[in-house]
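Before any comments, here is the structure.
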2 protein chains.
Amino acid sequence: MKSTIRDVAKYANVSISTVSRVMNAPETVVGEKRAKVQEAIEALQYQPNAFARGLIYKKSDTLGVMIPDIENPYYAGLIRGMQDAAVVLGHTLMICNTDRDKERTVAYVQSFFEKQVDGIVFASDSLHKEYYEVIQRYRLPFILASTNAPEYEIPSVDIDDERGAYEAVTHLIESGHRRIGMICFPLDDTISGRPRYDGFRRALREAGLDGCGACVEYAEHRFEHAYEAADFLFTRCPDLTALFAASDEFAMGAISYLREHGRAVPEHVSVIGFDNIRMAGMFIPKLTTIEQPTYDIGYRSILKLHELITTGAVEVLREKLPHQLIIRESTQPF
Amino acid sequence: MKSTIRDVAKYANVSISTVSRVMNAPETVVGEKRAKVQEAIEALQYQPNAFARGLIYKKSDTLGVMIPDIENPYYAGLIRGMQDAAVVLGHTLMICNTDRDKERTVAYVQSFFEKQVDGIVFASDSLHKEYYEVIQRYRLPFILASTNAPEYEIPSVDIDDERGAYEAVTHLIESGHRRIGMICFPLDDTISGRPRYDGFRRALREAGLDGCGACVEYAEHRFEHAYEAADFLFTRCPDLTALFAASDEFAMGAISYLREHGRAVPEHVSVIGFDNIRMAGMFIPKLTTIEQPTYDIGYRSILKLHELITTGAVEVLREKLPHQLIIRESTQPF
DNA sequence: TTACTGTCTGAAAAGGTTTTCAGAAAACCT
DNA sequence: AGGTTTTCTGAAAACCTTTTCAGACAGTAA
């Protein structure tokens, strides 16, 4: 069926070693033969079998990627950056959607191992002990993208979430707002949960605006949860003039809620998001937000994984990429 | 380093054949030995090498997926459906972002072939001759998801775009609108371009509203293009009361334009989109649109590819999944 | 001429698994 | 007991490639 190196050898009347050489070190085979072999390769549409190769080289040029929720627009840029980096390195990506399901995640790691991926990128979710252990057990090189794990020595690429949140809230404060609420991820989420909350708190504290404990509401990851959270929050603290949402999706959920309850954004309430997903610039009003360089995070994380795989180590362990405040229409001075 | 079947055999004091049997047909090996082998497998963290396996079985349990633009939210549901189907079939997906770049696409097909994917899903882009030929040349089973190719006999899963467009426009007409414009994809796009345009035309024609040739504007795939297109369109035809956008992203672009030029949606202009991407329900106003069952399209397409791979044929060649009109806030009676 | 160097090629081993085949051992039957 | 079947196991071949090794041959130097 598929043609093998043997077929090519027969067709060109040479040994298989010669064919192999033509493919991997053409200069070592004399002109005339080389031409014959190349002709045979062309004629038979020969393409070497990656299984056989992998068996010898012990690597697959394939990288595994684990994403919590592919439907979340935040990941689009991340994946795109990874893809582009993979292309320049000649690698292929296997992308898996974990759904934040432990069993499924572990199963994927096993499958990655069996398929001999050269390494794993674990994106944007807390690195639970189980995950750490199963990846360690198979001795797979891996790095964290858009997340990190203070308790382990794992290379990571992300931003400084605490500082981003701090800057977001500071922007609100500098615009004259004094009563500021927050919708945040659960605090046990050590990546976008706790740090963004801490940044929020620190900004308030440094501005002497402490004691706003009641103005925080928690939500899971999606729009609808933020809508509900906004309901709780504004029912409890109706006099808020500004809101820091821990993600753009939260911001959209909150804005929808506000609008449906007769409060205009930004006229009555200013809302700032986080992430700068693509939709942030399309939403009405366009979202003021903290931009995460998702493309770069994706790109850098693949490069870093490559570095780890080839050199066995990594120059800088925890890489923080710069974020940026993007001012659009959903906030205005008080 | 990694333990092999040999290590396990030595550890358990049996031959490698026995170990292999324990893994693939446990009932053929006697109780006591089986236990010993299983113990060895556990102790050594043995996991068979997919390269060696693939060499024998000539299949990888891996499917290749080609997506034009992963950043486009439309694909999120598609990928998710594919992933879920792949999990139940015990397959892994390799997802590639073609960027609608011909060279890159062809390179991916080659890489897929070399990596011995069992089949390819080609999603949501016109099947150019080059693509068809390269996939054919490698004799890779493949199917089309959310697109189709009338000129080739390739299995496909998608919706009836012409009919969807027809229903969208009919909804506008039934709401009393008479001056209806459209922002559509280029007509040489035979999947979402031509058919949606045809549906638009047919609805107008059947309602006796022909001759609105000037009220159509073309755009590439993204928000910004639609914004511009809306500018052209409403400058030329200022008295339109309704707009059919060939995608939700187009609808959002147009609504942004309208709003920034003092026309409220839906009060002044009704806008209907197409696709029902996740953001459609989060946008303000929430988009009236034609829902594509993207998850199901993804899911079914993997099942269909599996069917093609295992049985060599496919029960129904071109599968049309039902779409649905979703009425929200961006349209209202005239 | 002989000896040596260098270039080019093919045979064979290796990589890790599954599977076929044949043989050993056990179980059954007469 | 002898013969026949059944059950279980291990050796070896096969899958496809790369790479090492040694041999063939041509060219160069003495």
Side-chain angles (χ1 to χ4, degrees), chain A residues 1-38 40-41 44-62 110-118 138-139, chain B residues 1-38 40-41 44-62 110-118 138-139:
Chain A
M1 203 79 293
K2 277 176 187 171
S3 44
T4 75
I5 199 171
R6 248 187 194 81
D7 303 325
V8 177
K10 201 171 294 173
Y11 190 103
N13 248 318
V14 297
S15 76
I16 59 168
S17 331
T18 304
V19 178
S20 176
R21 271 185 284 258
V22 170
M23 308 229 44
N24 301 299
E27 69 282 2
T28 66
V29 17
V30 80
E32 184 199 9
K33 266 191 183 164
R34 183 167 56 204
K36 262 200 314 188
V37 171
Q38 260 150 356
I41 289 174
L44 299 175
Q45 288 289 332
Y46 171 68
Q47 189 89 14
N49 179 318
F51 288 143
R53 285 190 137 180
L55 212 45
I56 293 170
Y57 291 137
K58 294 167 187 311
K59 56 182 210 138
S60 56
D61 288 342
T62 302
Q110 275 169 359
S111 152
F112 278 158
F113 176 76
E114 189 183 337
K115 299 217 160 138
Q116 315 279 323
V117 299
D118 299 339
Y138 290 127
R139 295 197 203 75
Chain B
M1 201 82 290
K2 276 174 187 173
S3 42
T4 75
I5 198 172
R6 250 186 194 82
D7 303 326
V8 177
K10 200 171 293 172
Y11 189 104
N13 249 318
V14 297
S15 77
I16 59 168
S17 331
T18 303
V19 177
S20 176
R21 272 186 282 258
V22 170
M23 309 230 40
N24 301 299
E27 69 282 4
T28 65
V29 16
V30 79
E32 184 198 8
K33 267 191 183 165
R34 183 167 56 204
K36 261 201 315 186
V37 171
Q38 260 150 355
I41 289 175
L44 299 175
Q45 288 289 333
Y46 170 68
Q47 189 89 13
N49 179 319
F51 289 143
R53 273 184 152 189
L55 212 45
I56 293 170
Y57 290 138
K58 294 166 188 313
K59 56 180 211 140
S60 57
D61 287 342
T62 302
Q110 276 169 0
S111 151
F112 278 158
F113 178 75
E114 189 184 337
K115 299 218 159 136
Q116 315 279 324
V117 299
D118 299 339
Y138 290 127
R139 296 198 202 75

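In what follows, every chain begins at residue 1, and chains take the letters A, B, ... in the order their sequences are listed.
With rounding to whole Å, R6(B) atom CZ is found 10 Å from dA14(C) atom P. Atoms CE (M23(A)) and C1' (dC16(D)) sit 13 Å apart, rounded to a whole Å. Atom C1' of nucleotide dG16(C) and atom OH of Y57(B) are separated by 13 Å, given to the nearest angstrom. The distance from atom CG of D61(B) to atom P of dT18(C) is 13 Å, rounded to the nearest whole Å. Remark: C1' of dG16(C) and CZ of F113(A) are 13 Å apart, rounded to the nearest angstrom. Q47(B) has its CD atom 14 Å from the C1' atom of dT17(C), to the nearest Å. If you take CD1 of I16(B) and P of dG16(C), they are 11 Å apart, rounded to a whole angstrom. Computed from coordinates, the L55(B) CG to dG16(C) P distance equals 12 Å when rounded to whole Å.
Using a 4.0 Å cut-off, some side-chain N or O of Y46(A) falls inside it from OP1 or OP2 of dT17(D). Within the 4.0 Å cut-off from OP1 or OP2 of dC8(D), not a single side-chain nitrogen or oxygen of K33(B) is found. In terms of phosphate contacts, K2(A) brings no side-chain nitrogen or oxygen within less than 4.0 Å of OP1 or OP2 of dC16(D). The side chain of N24(A) contributes an N or O atom lying less than 4.0 Å from OP1 or OP2 of dT18(D).
K36(B) contributes no side-chain N or O that, together with a main-chain N or O of G31(B), makes up a donor-acceptor pair within less than 3.5 Å. When atom types are taken as modelled, the side chain of T62(B) and the backbone of S60(B) share a donor-acceptor pair closer than 3.5 angstrom. With S17(B) contributing its side chain and S15(B) its backbone, the two residues share no donor-acceptor pair below 3.5 Å.
No contact: F51(B) has no heavy atom under 4.0 Å from any strand. Among the protein residues, S17(B) comes within range of the nucleic acid bases, having at least one heavy atom under 4.0 Å from a base atom. Residue S20(A) is classed as a base contact, given a heavy-atom separation below 4.0 Å to a base.
A side-chain donor-acceptor contact under 3.5 Å links Q116(A) and K2(B).
A salt bridge is defined here as a Lys NZ or Arg NE, NH1 or NH2 lying under 4.0 Å from an Asp or Glu carboxylate O, and R53(A) with E114(B) meets this definition.
The nearest pair of heavy atoms linking Y138(A) to Q110(A) is OH-CG, 3.1 Å.
Taking only side-chain atoms of V30(A), from C-beta outward, the nucleotide of dT17(D), dC8(C), dG16(C) with the closest atom is dC8(C). Which of dT9(C), dG16(C), dT19(D) sits closest to the side chain of I56(B) comes down to dG16(C). In the set dG10(C), dG16(C), dT17(D), dT17(D) carries the atom at the smallest distance from any side-chain atom of A52(A). The side chain of R21(A) lies closest to dT9(C) when the candidates are dT18(C), dT9(C), dG15(C). Across dG10(D), dT18(D), dT17(C), the shortest atom-to-atom separation from the side chain of I5(B) is found for dT17(C).
If you find the closest nucleotide of DNA chain D to S15(B) and to T4(A), the one lying nearer the 5' end belongs to S15(B). Residue N13(B) is the one, among K58(B) and N13(B), whose nearest nucleotide of DNA chain D lies closer to the 5' end (criterion: closest heavy atom).
Under the Watson-Crick and G-U wobble criteria, each requiring two contacts below 3.5 Å, nucleotide dC29(C) is paired to dG2(D).
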